[in-house]
Amino acid sequence: MTEGSTDTANPALSGAAGYVERFADWLDTRPMWRFPLVAFFSGALLTATFSPVSFFPAAFICFPLMIFLLDRVQSPRQAFSTGWWSGFGLFSIGLTWIGHSFTQQDNVPVVLAPFAILALAGLLSFYTAAVFWLAQRFWVKNGFRVLLFAAVWMLFEFARGFLFTGFPWHLTGTMWADWVPTAQLASVISIYGLSALTMVAASSPILLFDRKATPSARVLAAIPVLALMAGSYWGQSRLDANETEYDLSVSMRLVQANVKQREKWIPRLIDDHFNRHMQLSRSGSDRGKAEGVKLLIWPETAVQRETFDRDSSVLRWRMSRLLDFGSYAITGAPRFERTPTGVDYFNSLFAFNSRGQLYARYDKKHLVPFGEYLPFQELLRELGLSQLTGGVAFMPGPEVQTIRLPGVPPFSPLICYEIIFPGQVAREDDRPEWLLNVTNDGWFGLTNGPYQHLGLARFRAIEEGVPVVRSASTGVSAIIDAYGRTVSSLSLDQAGILDSPLPRAIAPPAYSTWFKMMTTLAAALAVLFAFVLVKVVNQRRTQRSAQ
């Protein structure tokens with residue numbers, strides 16, 4: 001069948017292709033500014049796929065549009081520029097919630113907020129610039145370019161999750177955070193594998209509007225979409241077949257005091273904050289206890305005294321008075337250690353019993369760059385930028401832990417940011433039965449940030465097959481079962497308590513998360529190698545024909 005007959009048999013397709021060609025003509029008449037504009041739009045629109053908007057159809061517009069641009073770039077340099085503008089649209093719009101943190105402290109001028117967002121977005125955009133540059137080097141004009149683009153995108157998405165401490169925010173697969181049936185695929189192929197499948201499926205529509213695409217290519221374009229739909233159906237079946245099971249011997253109370261970040265560290269208010277947590281913990285008990293509670297959980301830095309771990313801590317003694325015998329309290333608090341060279345500060349979590357005896361301590365390992373520590377701190381201090389960390393930087397803890405309390409299933413503690421890293425939330429040699437994420441999202445107010453943070457926590461539950469207990473200072477506090485379902489929660493900007501038994505873990509995944517990610521990366525490299533090989537073979541054939 002000829003191309004002309006194909007279009008005649010499909011008048012709707014022919015009409016759509018005509019509109020695409022008109023758009024291409026418009027784009028080519030002013031490439032100097034229209035390419036960056038369209039590229040920026042493609043990235044900006046992609047942000048609508050993430051929580052709380054979760055409009056996944058936008059991906060089926062954005063990724064074909066990016067391939068459409070790659071079809072028309074004239075050089076590697078133009079490809080790099082176009083990719084950078086796509087990334088800049090994605091990150092400058094998608095990370096605007098970071099700017100709210102600049103309004104929550106007096107030692108950093110608010111005027112720096114837009115510059116910080118633009119600087120961070122500009123740096124992260126080099127990943128998408130590299131995607132476009134590398135893809136253009138091996139670009140083909142047939143249907144295989146969908147697989148090539150997806151493979152290269154996935155390769156650099158993986159790199160972004162690990163290089164320079166990593167920042168796996170806005171991974172493509174996380175657009176399914178609020179679509180729990182589709183998100184179940186992460187239990188089989190990890191979040192990176194789900195990103196790859198989503199990329200191929202969302203990019204495939206470009207073939208439907210390509211006059212040069214063969215009928216077979218257009219049919220094949222439907223396969224990844226059908227695979228994604230089949231995966232969603234399987235995910236729904238998985239959820240329907242497995243109800244949430246609970247360990248009724250472990251009753252929990254999460255306290256969300258909704259302390260505003262601007263007030264959190266004001267010295268004269270610190271005792272009021274503590275008393276607010278105490279009052280909520282009692283929940284109207286005549287005995288002044290957290291009655292019937294096995295685990296009382298407060299969020300990150302709920303206690304603002306660096307001496308909480310000292311034997312003389314009155315605050316720890318007061319908090320222990322809330323507990324019945326055999327119960328435990330867990331809270332976040334800063335601490336310090338004196339060293340020969342000065343004082344080291346840590347962002348920590350403590351677990352103790354009804355007598356105030358410390359059972360466990362965890363120091364946050366994966367710190368937030370520029371928020372909790374300064375990369376290149378000597379240079380930045382000389383430039384007067386130490387105030388970005390409030391003037392005091394934290395030291396990292398040694399490693400991920402599995403904490404055991406008598407009568408409580410073992411758990412992995414994760415402070416704030418640490419929950420976003422796939423494959424780095426639990427020890428493989430000492431598997432926990434649940435993840436505890438204490439966090440202070442008060443920095444980000446009523447923006448998209450806390451909802452996206454919650455969505456990333458949901459993926460860790462699905463990947464690891466264990467529930468996530470999330471205690472957030474201003475919300476969203478939540479109990480998430482091992483299938484990623486939110487079984488109970490406290491809304492953003494709400495004070496209250498969340499009482500729930502602990503959901504049970506399920507059987508661990510057949511392969512470790514690390515194995516899944518390595519397999520996914522190997523698949524991407526294999527596809528990329530195949531295209532390089534095809535390119536080399538075609539070049540040699542062309543040279544032989546010319547001779």
Is the NZ or CZ atom of R427 both under 6.0 Å from the centre of the six-membered ring of F411 and within 45° of that ring's axis? no
Nearest non-hydrogen partners of R504 and A482, listed with the distance: O-CB, 3.9 Å
Regarding Y362 and E418, is there a side-chain donor-to-acceptor distance under 3.5 Å anywhere? yes
Close side-chain approach of V469 and L254, heavy atoms under 4.5 Å: yes
Determine the minimum heavy-atom distance between P181 and Q236, stating which atoms define it. CG-OE1, 3.0 Å
Is the backbone of T165 close enough, under 3.5 Å, to the side chain of H366 for a donor and an acceptor to pair up by distance? yes
Does the side chain of V259 come within less than 4.5 Å of S473's, by heavy atoms? no
Counting only heavy atoms from other residues, nucleotides and ligands, does the tally under 6.0 Å from CG of D240 exceed 12? yes
Are D363 and S348 close enough that a side-chain donor and a side-chain acceptor fall under 3.5 Å? yes
Looking at S488, is its backbone amide N or carbonyl O close enough to the side chain of T486 to form a donor-acceptor pair, meaning the two atoms are under 3.5 Å apart? no
W153 and T172 side chains, donor-acceptor separation under 3.5 Å: yes
Nearest heavy-atom neighbours spanning S412 and P432: N-CB, 3.6 Å
Student check: side-chain heavy atoms of Y417 and L367 closer than 4.5 Å: no
Determine, step by step, whether S477 and S471 satisfy the side chain to side chain donor-acceptor pair (under 3.5 Å) criterion, reporting the C-alpha distance in whole Å, the side-chain angles of both residues, the deciding distance to 0.1 Å, and the verdict. CA-CA 5 Å; S477 295; S471 178; 4.8 Å; no
What I want to check is whether the side chains of S51 and D178 have a donor and an acceptor closer together than 3.5 Å. yes
Note: R276-D271 ion pair, threshold 4.0 Å (strictly below): no
Indicate yes or no: does E463 engage R460 in a salt bridge with an N to O separation below 4.0 Å. yes
Step through it carefully: locate the ring centre of F158, locate the ring centre of Y192, and say whether they are under 6.0 Å apart. yes
Any donor-acceptor pair under 3.5 Å from S313 side chain to D309 backbone: no
For S92 and F40 the tightest heavy-atom approach is OG-CE1, 3.7 Å
Apply the side-chain contact (heavy atoms from CB on, under 4.5 Å) test between T331 and each candidate in E300, M319, R316; give the one that qualifies. M319
With side-chain contact (heavy atoms from CB on, under 4.5 Å) as the criterion, how do T307 and F336 come out once you've worked through the C-alpha distance, each side chain's angles and the decisive distance to 0.1 Å? CA-CA 8 Å; T307 56; F336 70 91; 4.1 Å; yes
Does the side chain of T182 pick up a donor-acceptor pair with the side chain of S232 at under 3.5 Å? yes
Taking K294 for its side chain and G326 for its backbone only, find out whether a donor-acceptor pair lies under 3.5 Å. yes
Determine, for F346 and R335, whether the Lys NZ or Arg CZ falls below 6.0 Å from the six-membered ring centre while staying within 45 degrees of the axis. yes
Heavy-atom check, side chain of T198 versus side chain of M175, under 4.5 Å: yes
Partner of L414 under side-chain contact (heavy atoms from CB on, under 4.5 Å), chosen from L349, V425, V468: V425
Audit row: R160, F164, side-chain contact (heavy atoms from CB on, under 4.5 Å) steps and yes/no: CA-CA 8 Å; R160 178 162 61 86; F164 312 111; over 6 Å; no
Calculate, to the nearest 0.5 Å, the distance between atoms CD and CD belonging to Q424 and E399 respectively. 13.5 Å
Under 3.5 Å, is there a donor-acceptor pair linking the side chains of N275 and R318? yes
Could you measure the distance from the CD1 atom of I462 to the CG atom of L194? Nearest 0.5 Å is fine. 9.0 Å
Would you sort out whether W317 and R321 count as a side-chain contact (heavy atoms from CB on, under 4.5 Å), showing the intermediate values? CA-CA 7 Å; W317 177 83; R321 298 301 88 196; 3.7 Å; yes
Minimum heavy-atom separation for A351 to I330, with atom names? CB-CG1, 4.0 Å
Are V180 and R458 packed together at the side-chain level, in the sense that at least one heavy-atom pair is separated by less than 4.5 angstrom? yes
Taking the six-membered ring where the residue is Trp, are the ring centres of Y328 and Y359 under 6.0 Å apart? yes
If we only count heavy atoms from C-beta on, is the V476 to L490 side-chain gap below 4.5 Å? no
Distance from I61 atom CD1 to L45 atom CG, nearest 0.5 Å? 5.5 Å
Find the distance between CZ (R253) and CG (L280) and round it off to the nearest 0.5 Å. 9.5 Å
Any side-chain heavy atom of Y345 sitting closer than 4.5 Å to one from E337? no
Please evaluate residues F308 and F352 with respect to the criterion ring-ring contact (aromatic ring centres under 6.0 Å, His included), reporting the C-alpha separation (whole Å), side-chain torsions for both, the decisive distance (0.1 Å), and the verdict. CA-CA 11 Å; F308 188 76; F352 53 95; 5.7 Å; yes
Just checking W169 against W97, ring centres under 6.0 Å apart? yes
If we count only N and O atoms by modelled type, under 3.5 Å, do the side chains of Q184 and R238 hold a donor and an acceptor together? yes
Tell me whether the count of non-hydrogen atoms from other residues, nucleotides or ligands lying under 6.0 Å of CD in Q494 goes above 12. yes
Evaluate the side-chain proximity of S281 to L322: yes if any heavy-atom separation is below 4.5 Å, no if none is. yes
Between S327 and L323, is there a donor-acceptor pair closer than 3.5 Å when you use the side chain of the first and the backbone of the second? no
Side-chain (H273) to main-chain (I266) donor-acceptor, under 3.5 angstrom: no
Have S320 and S354 got a donor and an acceptor in their side chains that come within less than 3.5 Å? no
Any donor-acceptor pair under 3.5 Å linking the side-chain atoms of S249 with those of D247? yes
Report yes or no: does D481 contribute a side-chain atom to a donor-acceptor pair with the main-chain N or O of G484 at less than 3.5 Å? yes
Could you go step by step and tell me if W298 and F274 meet the ring-ring contact (aromatic ring centres under 6.0 Å, His included) rule? CA-CA 10 Å; W298 292 7; F274 185 85; 5.4 Å; yes
Are I480 and V487 close enough, and set up right, to give a side-chain contact (heavy atoms from CB on, under 4.5 Å), and what steps lead you there? CA-CA 6 Å; I480 302 170; V487 295; over 6 Å; no
Short side-chain donor-acceptor distance under 3.5 Å, E372 and N347: yes
Please check: side-chain N/O of T49 versus main-chain N/O of F56, any donor-acceptor pairing under 3.5 Å? no
Kindly say whether S491 contributes a backbone atom to a donor-acceptor pair with the side chain of Q256 at under 3.5 angstrom? yes
Tell me the closest heavy-atom pair linking I93 and A44, and the distance in Å. CG1-CB, 3.9 Å
When rounded to the nearest 0.5 Å, the distance separating NE2 of H170 from CG of L124 is 10.0 Å
Rounding to 0.5 Å, atoms OG (S195) and CE (M154) come to a distance of 8.5 Å
Has K264 got a side-chain atom pairing as donor or acceptor with I270's backbone, closer than 3.5 angstrom? no
